Participant: 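Please find one structure pasted underneath; my questions will follow.
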Amino acid sequence: MLFAGTSIGALIAAAHAGGMSVLEMSERARTLRRRDLFRINHLGMIMERMRSPSLYLEEPLRALCDAICPRGTFEELGTPLLVNTVDIERGTQVMWGLPGLRHVSIADAVYASCALPGFFPPGRVDGRTCVDGGTIDNMPVAIAAVDMDAVIAVDVGNSDLSASTDVSTQGFAAIYMRAASVMMHALQEEPLAQWQGPPMLLIRPRVSHHGWFSFSNAASLIQTGYEAANGALDHAEHALQSAGGVHPRRRIRLTVDRDRCIGCRTCVGLAPSLMAMDGHGKAIAREKILEWSPADGEFVRHCPTSAIIAEPVGSEDEQERPRRAATPGEEMAAD
């Protein structure tokens, strides 16, 4: 068994590999407050201005990593652990804990994996300047899956990227974080859609409506994660005994609202095997009923008029929300 993670996932994986109980991790999450972690680097911003390495001070995040991570190096840890980072100078992914990369401090690697560029200073790990691994790979399943029989992946990033209004009025930090969310979502979807590794059970709790730096909803987030994990684990036996692919898989009905469709052909460009244009210049689904995993159907949300609808077919899934991006009018109604 092997544990791997990026950013907060690396912190949780390290804590678990070091023997911290789920109860203790939950309690730490519930009691952590924004002010415990995010302290503005006033002196750096004044003295160094644009040359300041970060908006926030390193010390609070460093202290959290030191308190939660097991002491010592990856070599000294009894449980295999991988921590994903990016060498910002070389522009390369570095997965600490792999062979040849086990001689470094676990806490140093985890700090670097959590160091969101611009928000926290980069971390120094074995002479490398490293930052948040999500810059390249927010869910490093491809490397972690090597020589594994199966993978259980937990995606708490941007899988259900919901619409957001008035981002441009909320300041540069909000714009940056929204752009980062969109970027990481795009980077993550393609490898999953083309997954050729061992069978993967993908757990995706719906948490994207909570802000990255929000600390007031820990209890509800934990409950959401618990329910999503239980739902996915109901399919674990079938998934992990299969030859491959991403699971759980469900039957989906794919349709197009012809009144909404403007014939822009975006769906055909993104999913030519699934979508086509009819003789009237409207999009149509090549097949009405499909078998999809949670990683399929990304093209649906890119329809500019939300004309494509993907809805579950089957007894237990009929109550689930159809997969269709909200229109601007629906977004304002939801707000």
Side-chain angles (χ1 to χ4, degrees), residues 137-139 141-142 151-164 181-197 199-209 224 228 231-232 234-235 238-239 242 244-278 282-327 330-331 334:
D137 189 354
N138 203 40
M139 194 172 68
V141 287
V151 176
I152 298 178
V154 182
D155 177 11
V156 294
N158 309 282
S159 59
D160 59 328
L161 191 66
S162 55
S164 179
S181 294
V182 173
M183 176 192 71
M184 285 190 278
H185 177 85
L187 286 173
Q188 191 167 292
E189 287 298 316
E190 183 64 21
L192 290 176
Q194 305 298 326
W195 181 251
Q196 298 295 319
M200 178 196 303
L201 185 65
L202 182 58
I203 302 172
R204 279 184 157 173
R206 294 185 178 275
V207 295
S208 70
H209 56 290
T224 298
D234 288 340
H235 304 266
H238 171 74
S242 66
V246 180
H247 302 266
R249 304 192 69 82
R250 295 185 173 96
R251 296 179 73 219
I252 295 292
R253 179 181 292 108
L254 188 64
T255 57
V256 177
D257 185 329
R258 294 180 62 81
D259 292 333
R260 289 178 184 261
C261 179
I262 58 175
C264 69
R265 302 172 181 262
T266 298
C267 57
V268 178
L270 295 176
S273 64
L274 299 178
M275 304 298 295
M277 305 300 293
D278 67 11
K282 298 285 187 176
I284 57 172
R286 292 183 181 275
E287 295 182 48
K288 295 292 191 295
I289 303 297
L290 303 165
E291 188 178 81
W292 274 3
S293 78
D296 293 319
E298 169 64 6
F299 70 93
V300 172
R301 58 179 296 275
H302 286 286
C303 175
T305 58
S306 305
I308 306 172
I309 305 169
E311 53 190 346
V313 177
S315 56
E316 68 178 41
D317 295 324
E318 285 175 347
Q319 302 303 315
E320 288 192 7
R321 183 174 63 188
R323 185 166 187 170
R324 174 172 65 81
T327 64
E330 291 167 336
E331 293 165 13

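All values reported here derive from a predicted model rather than from experimental measurement.
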Participant: For P199 and A239, work out which heavy atoms get closest and say how close.
Facilitator: CB-O, 3.2 Å
Participant: Can you see which heavy atom on C261 is nearest to which on K282, and at what distance?
Facilitator: O-NZ, 2.6 Å
Participant: Is the shortest heavy-atom distance from the side chain of L201 to the side chain of P248 under 4.5 Å?
Facilitator: yes
Participant: If you apply the rule side-chain contact (heavy atoms from CB on, under 4.5 Å), what do you find for L202 with S293, and how did you get there?
Facilitator: CA-CA 8 Å; L202 182 58; S293 78; 5.9 Å; no
Participant: Applying salt bridge (Lys or Arg N to Asp or Glu O under 4.0 Å), can you list everything that pairs with E291, at least two apart in sequence or on another chain?
Facilitator: R249
Participant: Within this structure, what is the CG-CD distance for the pair L274 and E287, rounded to the nearest 0.5 Å?
Facilitator: 7.5 Å
Participant: Mind checking the NE2-NE2 spacing from H247 to H238? Nearest 0.5 Å is all I need.
Facilitator: 6.0 Å
Participant: Identify the heavy atoms of P312 and I252 that sit nearest to each other, and give their distance.
Facilitator: CA-CD1, 3.8 Å
Participant: What is the minimum heavy-atom distance between P304 and I262, and which atoms define it?
Facilitator: CG-CD1, 4.2 Å
Participant: Closest heavy-atom contact between A310 and W292?
Facilitator: CB-CZ3, 3.6 Å
Participant: Looking only at non-hydrogen atoms, find the nearest pair between R286 and S273 and report the distance.
Facilitator: CD-O, 3.2 Å
Participant: I'd like to check the side-chain hydrogen bond (donor to acceptor under 3.5 Å, both in side chains) partners of T224; sequence neighbours left out, ordered by chain and number.
Facilitator: none
Participant: Quick check for you: to the nearest 0.5 Å, what is the distance between L270 atom CG and E298 atom CD?
Facilitator: 8.5 Å
Participant: What pairs with A285 under side chain to side chain contact (heavy atoms under 4.5 Å, CB included), at least two apart in sequence or on another chain?
Facilitator: L254, M275
Participant: Please identify each residue that fulfils side chain to side chain contact (heavy atoms under 4.5 Å, CB included) with I284, with sequence neighbours left out.
Facilitator: R258, A276, D278
Participant: List the steps, then state whether side-chain contact (heavy atoms from CB on, under 4.5 Å) holds for M139 with L192.
Facilitator: CA-CA 10 Å; M139 194 172 68; L192 290 176; 3.8 Å; yes
